[in-house]
Colleague: 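Structure in structure tokens, see below.
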Number of protein chains: 2
Amino acid sequence: MFMMHSTLRDATTTNKRSCGTLKETLKNYENILNNIKRYVPLNEEDEQQFISIVRTTKIKRRQFIVQPNFTCSHQTYVLKGAFRSYFVNDEGMEYTIQFAIEDWFISDFNSYVNQSPASLFVEALEDSTVQQIAYEDVESLCDKNPKFERFFRLVAQKSFTFSQRRVLSNLGKSAEERYLEFFNLYPSIIQRVPQYALASYLGMSPEFLSKVRKRLTTKS
Amino acid sequence: MFMMHSTLRDATTTNKRSCGTLKETLKNYENILNNIKRYVPLNEEDEQQFISIVRTTKIKRRQFIVQPNFTCSHQTYVLKGAFRSYFVNDEGMEYTIQFAIEDWFISDFNSYVNQSPASLFVEALEDSTVQQIAYEDVESLCDKNPKFERFFRLVAQKSFTFSQRRVLSNLGKSAEERYLEFFNLYPSIIQRVPQYALASYLGMSPEFLSKVRKRLTTKS
DNA sequence: ACTAGTTCAAGATAATTTCCTAATCCAGTT
DNA sequence: AACTGGATTAGGAAATTATCTTGAACTAGT
């Protein structure tokens with residue numbers, strides 16, 4: 001199963017740091033800073049503090065940024081591109097936990113918060129540019145500046161409510177309803193991810209997803 | 001559907017405040033404070049700050065502390081007793097989101113964090129004693145004292161990882177495996193909750209849960 | 001442009017789980 | 001202590017979804 005994928009390389013060591021002009025660099029941080037500012041106001045100094053722990057990296061399609069048994073040392077913000085995190089069980093079945101496109105964070109969050117060995121793969125679905133922040137840096141930043149403590153609290157709370165909504169969909173909705181819900185919530189993601197990955201996110205076989213889609217398109 | 005349940009009453013207004021001796025009162029707060037101290041150290045003053053926003057209440061079996069369309073104004077810590085939160089869809093099907101026994105928090109978390117109308121019921125499964133903290137009080141406490149900001153961040157992060165684990169179980173495990181996982185993780189809860197509630201948590205019909213249980217007991 | 005490897009579609013069959021009905025069992029109430 | 005309504009157990013028919021297979025259509029890399 002492992003052999004199907006390209007060899008793991010640690011993104012933070014094998015990829016060149018992106019380094020363009022100053023203007024370009026500032027523009028690179030605009031997105032992630034605006035993301036934070038949706039939750040907490042930041043002044044110039046706050047922004048500098050945050051930027052100082054961010055590291056920009058390019059990731060090639062099919063490359064892994066997290067792999068089972070290695071501790072997930074970073075949270076990854078997607079500046080450009082697409083990722084998915086997934087679990088592979090003993091029989092080699094894949095279960096997709098999360099997709100991430102521009103402006104989303106992704107990681108093996110369990111591994112990250114407990115700094116324990118990961119159980120998930122996180123793989124680039126396209127050539128991507130990401131910004132990574134290391135666990136220790138985040139924790140000490142939160143220590144130093146409560147604004148970031150709050151930001152990460154609010155994000156975690158929101159993530160939790162999203163996950164609970166997904167649990168509810170899994171419990172209460174049929175395969176077709178789950179597809180429609182995803183289609184309405186994340187239309188842009190559907191176009192960009194392979195069908196087997198989407199099927200494994202929605203909890204159905206790829207064949208059945210194909211049938212659901214056909215039923216829906218011939219209906220309308 | 002509503003009529004099947006006992007009439008809703010707002011716990012915070014209809015229940016008498018528990019008021020025993022001073023010693024008894026301190027003992028009442030010991031549990032919840034120890035719970036917090038598993039995440040962040042608290043000094044005397046921190047403890048006082050927290051205690052000042054906590055309100056202790058008794059809840060009768062079958063009483064609701066949250067109901068759809070009413071905003072969930074409090075987080076509830078279970079000092080003694082048992083609760084469950086669940087969603088009821090248009091056809092009247094129930095889906096259990098969470099159980100909570102001693103030392104757990106429960107609420108309609110989505111309603112609570114967004115201060116928007118709830119979609120869940122939260123119902124007492126036994127006569128219970130709870131400690132509630134109001135949204136505004138929590139937010140201003142977090143503002144005032146970053147230790148609590150951190151506590152709630154860490155709790156939210158942990159809750160998120162738990163929810164993700166559950167998503168994974170729903171995706172990858174069979175009904176029997178999901179039951180066994182729950183049985184191993186929360187043996188004490190199984191004894192205390194009705195079977196139909198557990199079935200609706202595990203994502204199977206009560207009849208099927210009965211069959212699963214029988215299969216397992218006759219096997220061993 | 002060619003080739004190898006992925007991805008998607010479609011049908012037949014099989015497995016899982018629900019749905020329905022009825023019979024017991026149990027707890028709370030009178 | 002008997003009553004009553006809800007909860008659990010049981011069994012078989014029915015529905016949903018998975019699995020397996022094959023072939024066609026794309027896609028990426030050479």
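Letters go in sequence order (proteins before strands), and every chain restarts at 1.
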Colleague: Could you state the OH-C1' distance from A:Tyr179 to C:dC8, rounded to the nearest angstrom?
Modeller: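 In whole Å, C:dC8 C1' lies 13 Å from A:Tyr179 OH.
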Colleague: Output the rounded distance in Å from CZ (A:Arg215) to P (C:dA10).
Modeller: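 Roughly 13 Å, once rounded to whole Å.
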Colleague: Please report, rounded to the nearest Å, how far the C1' atom of D:dT16 is from the CZ atom of A:Arg178.
Modeller: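 In whole Å, D:dT16 C1' and A:Arg178 CZ are 11 Å from each other.
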Colleague: Starting at CZ of B:Arg61 and ending at P of D:dA7, how long is that distance when rounded to a whole Å?
Modeller: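 Going from B:Arg61 (CZ) to D:dA7 (P), I get 9 Å.
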Colleague: Can you confirm whether A:Ser119 sits close enough to A:Phe87 that some side-chain heavy atom of one is under 4.5 Å from a side-chain heavy atom of the other?
Modeller: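 Contact flag for A:Ser119/A:Phe87 side chains = yes.
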Colleague: Whole angstrom is fine here: how far is it from CG in B:Asp127 over to C1' in C:dA27?
Modeller: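 Whole-Å distance recorded here is 14 Å.
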Colleague: Which nucleotide, C:dT17, C:dG11, C:dC19, lies nearest any side-chain atom of B:Met93?
Modeller: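 Closest nucleotide to the B:Met93 side chain: C:dC19.
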Colleague: Expected output is a numbered-order residue list: members of residues 191-206 of chain B with a heavy atom under 4.0 Å from any atom of DNA chain C. What is it?
Modeller: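 By residue number: B:Gly203, B:Met204, B:Ser205.
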Colleague: What's the CG-C1' distance between A:Leu209 and C:dA9, to the nearest Å?
Modeller: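 For the pair A:Leu209 CG and C:dA9 C1', the rounded distance is 12 Å.
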Colleague: Within the structure, does a side-chain N or O atom of B:Lys214 lie under 4.0 Å from either OP1 or OP2 of D:dT9?
Modeller: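 The answer is no; no side-chain N or O of B:Lys214 sits under 4.0 Å from OP1 or OP2.
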Colleague: State which of C:dT18, D:dT17, C:dC8 makes the closest approach to the side chain of B:Phe208.
Modeller: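 My answer, after comparing the listed nucleotides, is C:dT18.
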Colleague: Figure out the NZ/C1' separation between B:Lys211 and C:dT16, and round it to whole Å.
Modeller: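 These atoms are roughly 11 Å apart.
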Colleague: What is the distance, rounded to the nearest whole Å, between atom NZ of B:Lys173 and atom C1' of C:dT17?
Modeller: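 For the pair B:Lys173 NZ and C:dT17 C1', the rounded distance is 19 Å.
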Colleague: For A:Gln132 versus A:Thr57, what's the shortest heavy-atom pair and its separation?
Modeller: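 Scanning both residues, the minimum pair turns out to be OE1-OG1, 4.0 Å.
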Colleague: If you measure from CD1 on B:Ile97 to CG on B:Asp108, what distance do you get to the nearest 0.5 Å?
Modeller: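 Here the interatomic distance stands at 8.5 Å.
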Colleague: Ignoring hydrogens and angles, answer whether the base of C:dC20 and the side-chain atoms of B:Glu207 contain a donor-acceptor pair closer than 3.5 Å.
Modeller: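 Answer yes: a donor N or O sits under 3.5 Å from an acceptor.
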Colleague: Just wondering, do B:Thr161 and B:Arg166 contact through their side chains at under 4.5 Å, heavy atoms?
Modeller: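 Side chain of B:Arg166 against side chain of B:Thr161, heavy atoms only: no contact under 4.5 Å found.
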Colleague: For the pair B:Lys80 and B:Glu102, find out whether any cationic side-chain nitrogen is under 4.0 Å from an anionic carboxylate oxygen.
Modeller: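 Looking at B:Glu102 together with B:Lys80, the answer is no, because their closest N to O distance does not fall below 4.0 Å.
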Colleague: Which donor-acceptor pairs under 3.5 Å do side chains of residues 196-203 of chain B form with protein atoms, sequence neighbours excluded?
Modeller:
unit_1: B:Ser200; atom_1: OG; unit_2: B:Thr96; atom_2: N; d: 3.1
unit_1: B:Ser200; atom_1: OG; unit_2: B:Thr96; atom_2: OG1; d: 2.6
unit_1: B:Ser200; atom_1: OG; unit_2: B:Ala197; atom_2: O; d: 3.0

Colleague: Could you point out which residue of B:Lys60, B:Lys58, B:Arg61, B:Arg192 forms a salt bridge (charged side-chain N to carboxylate O under 4.0 Å, His left out) with B:Glu126?
Modeller: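 Result for salt bridge (charged side-chain N to carboxylate O under 4.0 Å, His left out) with B:Glu126: B:Arg192.
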